[in-house]
**Q** 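The structure that follows is given in the form of structure tokens.
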Amino acid sequence: MAIRVYNTMTRTKEAFVPREPDTVAMYVCGPTVYNHIHIGNARTFLTFDVIRRYLEWRGFDVTFVQNITDVDDKIIRRAAEEGVSTAELAQTYTVAFRSAMDALGIEKPSRQPLATQTVPRMIAMVERLITSGHAYEVDGDVYFSVRSFPGYGKLSGRDINELESGARIEVDERKEDPLDFALWKAAKPGEPRWPSPWGEGRPGWHLECSVMSEQELGLPLDIHGGASDLIFPHHENERAQSEAASGTTFVKYWLHGGLLQVNAEKMSKSLGNFMFLKDVLAVYPASVVRLFMMQTHYRSPLEFSTDRLEEARTAYERIAGPLRDLEVAKRSRARERAEGSWTAGAWVSRLTKGIEDAKARFIEEMDDDFNTAGALAAVFGLVREMNAFMWEGPGIGAHGENLPVLERAAAGIKEPLDVLGIEIEAKATPASEYPPEIIELAVDYAGYDGTDGAEAVDALRKARDVARSQKNWVVADAMRDRLQELGLLVEDRPDGTHITYGR
RNA sequence: GGCGACGUCGCCAAGUGGCAAGGCAGAGGCCUGCAAAGCCUUUAUCCCCGGUUCGAAUCCGGGCGUCGCCUCCA
């Protein structure tokens, strides 16, 4: 029973065997902090958060490193537009990034180095590359020579010669080869700069990941992750630099996530079709967003839409249902339905099997390249079994004798969801959130004379039970309608009226 | 133009050689005073054509369509 992962380098699923048993060194490219991250960026971070959580759940000691690129062309441009320093701009969006990740329920990285604090090591790597003949300096710029690295193009499945013939990049005559990329850029007036053997300047893109990953984790990395649009040129170049400089394998398993799309088109800041993560989270709970994303395999493209999010919200409620029902049943202790063709014992056996099956299937699916969509099917299967037990089967039992198996079922639902970072809120709504109109309603229908929302709801609940016991359907239905207008859900259960709000 | 990926129920989406998961929506039934929730039942010759195989959604070839990368991009 081994974990298998799809490796971009080999284009196949491979057995996952880390460099050291029971530990995983994992690196995921972080953001360039020139703006808020959008929901497409978030998908990638979510993907690797779940991979990390799963590996940890399976017993690996995971060291998870994610860089923050806080010096870059886009930061320089944006800072100029806003009239702030690049450092200020980067600081602002670094804070925003961390806060957005936190809001999405992403576990904090083990370490999160900043590019600007790693410059001396970057310079050291560039020097190594120059010394070994893989890089050359021209007028204060330093370029990596792709022809000096025989495996160039292997990760992205490209051929250097074909790349050159199809290249759309403008040719810089100072480069020895059009595909050579900058390791170090001479500073222009007003740009952030660091002293170097080639004059004042700043690191090129790609370099920070090579340096920080090796510094924090050592080589080879077990897992290097990112979205598929980073395969070329970013990861190809990282790999060339790192392997040329170190002489060893850079990465054992390259994992790449599929892109989020809008109207069948990639979501990106340059296309302008994006939504900021923070704005989505203002409308949808993190668990709903996560469920939405987990319903598609991480390597597939995923169409973003609010319709899909609404569906995910409904699906989330389906999972939350039995967990809430159990909490309610525990409090009211009033359910028993024994009869029928099943004895309670047979129901308990069946639910017990459902719990075991769900766990086994969850592991099977997740072991197979982190198939969260399949893993969720296992969870939904157990949701169905638990619902059947509570509503068609013996329920909690006259004396609560079925509580243990129901608690195990609830745990069997919560545990895999926890691995996916999906929290199920099974608590009652705080009283302070009831709409103020509820008081007036309670005055009208229940003769309530206080000012407390929760008390008002309780008075209404009792009043409605009285009306129903007297078969006064007109009043009972009117109360239900009025409550629903205020957004409160009224359900008649075997033990009486239930009123819920804020789901 | 080059390279790569994908095309599965009304919508979304797992499944990569042995009778097609799951979610959302729809229909019917049970339960209910009526509802809600829940349970049960129900809908797929897996884009098209050809090939390999005892057997293919799954492998191979061709076609059509969509997307990504080749330039900053999670």
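No experiment lies behind these values; they were computed from the predicted model shown. Numbered from 1 within each chain, the chains take letters A, B, ... in sequence-line order.
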**Q** How does each nucleotide of nucleotides 21-28 of chain B score, in 5' to 3' order, for protein heavy atoms under 4.0 Å: base (B), sugar-phosphate only (S), or none (-)?
**A** BSBS----
**Q** Looking only at atom types and distance, does a side-chain atom of A:Asn67 sit under 3.5 Å from a main-chain N or O of A:Gly30, one as donor and one as acceptor?
**A** yes
**Q** If you measure from the ring centre of A:Phe45 to the centre of the six-membered ring in the base of B:A74, is it under 5.5 Å, with the planes under 30° apart?
**A**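 According to the criterion (under 5.5 Å, under 30°), no, A:Phe45 does not stack.
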**Q** For A:Phe304 and A:Leu309, what are the C-alpha separation, side-chain angles and deciding distance, and is it a side chain to side chain contact (heavy atoms under 4.5 Å, CB included)?
**A** CA-CA 8 Å; A:Phe304 176 84; A:Leu309 275 166; 3.7 Å; yes
**Q** If we check ring-ring contact (aromatic ring centres under 6.0 Å, His included) with A:His256, which of these qualifies: A:His235, A:His224, A:His234?
**A** A:His235
**Q** Whole angstrom is fine here: how far is it from CZ in A:Arg43 over to C1' in B:A13?
**A**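 Going from A:Arg43 (CZ) to B:A13 (C1'), I get 12 Å.
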**Q** Return whichever of A:Val490 or A:Ser268 has its heavy-atom-nearest nucleotide of RNA chain B closer to the 5' end.
**A**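 Between the two, 5'-proximity favours A:Val490.
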**Q** Heavy atoms under 4.0 Å, any strand shown: does A:Arg464 hit a base, just sugar-phosphate, or nothing?
**A**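 Base, at least one base heavy atom under 4.0 Å.
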**Q** Give a yes/no on whether any side-chain N or O of A:Lys266 is located under 4.0 angstrom from OP1 or OP2 of B:C69.
**A**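 Yes, A:Lys266 has a side-chain N/O under 4.0 Å of OP1/OP2 on B:C69.
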**Q** Name the residue closer to the 5' end of RNA chain B, choosing between A:Ala264 and A:Gly258 according to the nucleotide with the nearest heavy atom.
**A** A:Ala264
**Q** State which of B:C39, B:C67, B:A74 makes the closest approach to the side chain of A:Gln261.
**A**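 Nearest nucleotide to the side chain: B:C67.
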**Q** For the residue pair A:Phe97 and A:Phe45, is the inter-centroid distance of their aromatic rings smaller than 6.0 Å?
**A**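 A:Phe97 vs A:Phe45: aromatic centres under 6.0 Å.
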**Q** Measure the distance from CG on A:Leu489 to P on B:G38 and round it to the nearest whole Å.
**A**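 Between P of B:G38 and CG of A:Leu489: 11 Å.
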**Q** Pull out every protein N or O sitting under 3.5 Å from an N or O of nucleotides 3-6 of chain B, one pair per line with the distance.
**A**
{"residue": "B:C3", "atom": "O2'", "partner": "A:Gly157", "partner atom": "O", "Å": "3.1"}

**Q** If only side-chain N and O atoms of A:Asn371 are considered, is one of them under 4.0 Å from the OP1 or OP2 phosphate oxygen of B:G15?
**A** yes
**Q** Testing A:Phe181, A:Phe144, A:Tyr143 for ring-ring contact (aromatic ring centres under 6.0 Å, His included) with A:His206, which one passes?
**A** A:Phe181
**Q** Which listed nucleotide (B:C70, B:C34, B:C39) is nearest to the side chain of A:Pro233?
**A**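 Selected nucleotide: B:C70.
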